[in-house]
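Accompanying notes for the structure given below.
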Amino acid sequence: MLLDAALAGVGGDPQLAALGIPPAPDHTDGDLPSDDAAVAQAALTAWRLGAGDRYREAAAAAAERLAARALEQPFAHGSILRVAAGLAEPPRQLVVVTESPDGELARAARRADADVVAVLTPAQARAFAAAGFELFEAKGDVDGERAYDCRAFVCRLPVSDPAGVSAAR
């Protein structure tokens, strides 16, 4: 997996290394996040999708490694501070399993304040679960469309009525 190679630090960013582009000389954000912040954000996202605690640990290690510098110059390190903020509380994850990605239930989920909003078909949910993403386990096995509102991978009972999807955390 590309993220695993980036976390291993093999030559910096593997995509940039393949193109012969050296890593950035510092860890500050410019127009784009720094290399470290981009990899930390990807690790945080992978963890929120249920890829495993090792990704949360990698994001936390990057945030900790850059914390002192980021606190001294917050405008130059906004991306890693965003990662640190994302680690401060358990994520809210909304998963909508539907054959109608533009339906009312999916639209309700997209309006909600959540760290992850995943709208996918039952087959896609089963494929993510088979690939090891804990968040999607058993969600592709239910008939009809369902929305799952989860906090740190613990889900409430699924709902099929868009009114049952809370927009607030």
Side-chain angles (χ1 to χ4, degrees), residues 1-4 6-7 15 29 31-64 66-67 70 74-75 77-169:
M1 178 197 276
L2 180 61
L3 177 55
D4 292 326
L7 289 171
Q15 287 287 75
D29 296 335
D31 291 339
L32 299 172
S34 69
D35 297 351
D36 288 332
V39 172
Q41 182 63 53
L44 179 63
T45 300
W47 170 68
R48 286 174 171 170
L49 290 170
D53 282 337
R54 67 189 174 113
Y55 293 107
R56 184 191 188 292
E57 292 163 7
E64 186 175 328
L66 299 171
F75 289 111
H77 299 277
S79 296
I80 200 68
L81 290 171
R82 183 177 183 194
V83 170
L87 292 164
E89 64 181 42
R92 179 183 184 196
Q93 304 138 313
L94 286 172
V95 177
V96 177
V97 180
T98 180
E99 294 291 347
S100 177
D102 296 323
E104 288 295 321
L105 194 60
R107 284 199 297 272
R110 288 186 184 107
R111 288 190 297 268
D113 181 14
D115 299 299
V116 171
V117 176
V119 178
L120 59 170
T121 66
Q124 291 169 324
R126 287 189 298 273
F128 273 104
F133 288 89
E134 174 188 346
L135 182 60
F136 303 99
E137 286 181 11
K139 292 181 177 64
D141 302 332
V142 178
D143 291 329
E145 83 177 355
R146 297 281 189 262
Y148 299 84
D149 190 347
C150 312
R151 304 294 194 284
F153 307 99
V154 177
C155 302
R156 296 178 178 168
L157 291 174
V159 298
S160 56
D161 181 1
V165 178
S166 172
R169 279 193 180 261

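This is a predicted model, so every value here is computed, not measured.
Contacts classified as disulfide (SG to SG under 2.5 Å) and involving residues 95-139 (residues at least two apart or in different chains) are not found. Each side-chain hydrogen bond (donor to acceptor under 3.5 Å, both in side chains) pair with one or both residues in residues 134-148, not counting sequence neighbours, appears once here: T98-E145. Note on residues 78-124: no pairs pass ring pair (Phe, Tyr, Trp, His ring centres under 6.0 Å), not counting sequence neighbours.
For the atom pair CD of Q41 and OG of S34, the computed distance is 11.0 Å after rounding to the nearest 0.5 Å. Between atom CZ of residue R56 and atom CG of residue L44 there is a gap of 8.5 Å, rounded to the nearest 0.5 Å.
In this structure, the side chain of Q93 does not engage the main chain of L49 through any donor-acceptor pair within 3.5 Å.
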side-chain contact (heavy atoms from CB on, under 4.5 Å) between V142 and V97: does it pass, once the steps are laid out?
-> CA-CA 9 Å; V142 178; V97 180; over 6 Å; no
Side-chain polar contacts of residues 153-167 - donor-acceptor pairs under 3.5 angstrom, sequence neighbours left out - could you list them?
{"residue": "D161", "atom": "OD1", "partner": "A163", "partner atom": "N", "Å": "3.1"}
{"residue": "S166", "atom": "OG", "partner": "A168", "partner atom": "N", "Å": "3.3"}
{"residue": "S166", "atom": "OG", "partner": "A168", "partner atom": "O", "Å": "3.1"}

Result block: side-chain N/O donor-acceptor pairs under 3.5 angstrom for residues 113-125, not counting sequence neighbours:
{"residue": "D113", "atom": "OD2", "partner": "R169", "partner atom": "NE", "Å": "3.3"}
{"residue": "D115", "atom": "OD1", "partner": "R169", "partner atom": "NH2", "Å": "2.9"}
{"residue": "D115", "atom": "OD2", "partner": "R92", "partner atom": "N", "Å": "2.8"}
{"residue": "D115", "atom": "OD2", "partner": "R169", "partner atom": "NH1", "Å": "3.1"}
{"residue": "D115", "atom": "OD2", "partner": "R169", "partner atom": "NH2", "Å": "3.4"}
{"residue": "T121", "atom": "OG1", "partner": "Q124", "partner atom": "N", "Å": "3.1"}
{"residue": "T121", "atom": "OG1", "partner": "Q124", "partner atom": "OE1", "Å": "3.3"}
{"residue": "Q124", "atom": "OE1", "partner": "T121", "partner atom": "N", "Å": "2.8"}

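Across C150 and L135, no two heavy atoms sit closer than the pair SG-CD1, 4.1 Å. Heavy atoms only, all atoms of each residue included: V96 and A109 are closest at CG2-CB, 3.5 Å. Residue L7 comes nearest to A43 through the heavy atom pair CD2-CB, 4.4 Å, listed as atom of the first residue, atom of the second, then distance. When all heavy atoms of A152 and P90 are compared, the closest pair comes out as CB-CB, 3.7 Å. Smallest separation of non-hydrogen atoms from L81 and A70: CD2-CB, 3.7 Å.
Using a 4.5 Å heavy-atom threshold, the side chains of L87 and V83 count as touching.
By the neighbour-count criterion of 12 heavy atoms within 6.0 Å, atom OH of Y55 is densely surrounded, having more than that number from other residues, nucleotides or ligands. When the shell of 6.0 Å around CZ of R126 is examined, it contains more than 12 heavy atoms from other residues, nucleotides or ligands.
In this structure, R111 has no salt bridge (Lys or Arg N to Asp or Glu O under 4.0 Å) partners at least two apart in sequence or on a different chain. With sequence neighbours left out, the side-chain contact (heavy atoms from CB on, under 4.5 Å) criterion links A38 to P33. Residues satisfying the salt bridge (Lys or Arg N to Asp or Glu O under 4.0 Å) criterion with R110, sequence neighbours excluded, are absent altogether. For A42, the side-chain contact (heavy atoms from CB on, under 4.5 Å) partners are L3, not counting sequence neighbours. Listed by chain and number, the residues in a salt bridge (Lys or Arg N to Asp or Glu O under 4.0 Å) with D4 are R54 (sequence neighbours excluded). Residues passing the side-chain contact (heavy atoms from CB on, under 4.5 Å) test with A131 are F133, sequence neighbours excluded. For E64, the salt bridge (Lys or Arg N to Asp or Glu O under 4.0 Å) criterion is met by no residue, not counting sequence neighbours.
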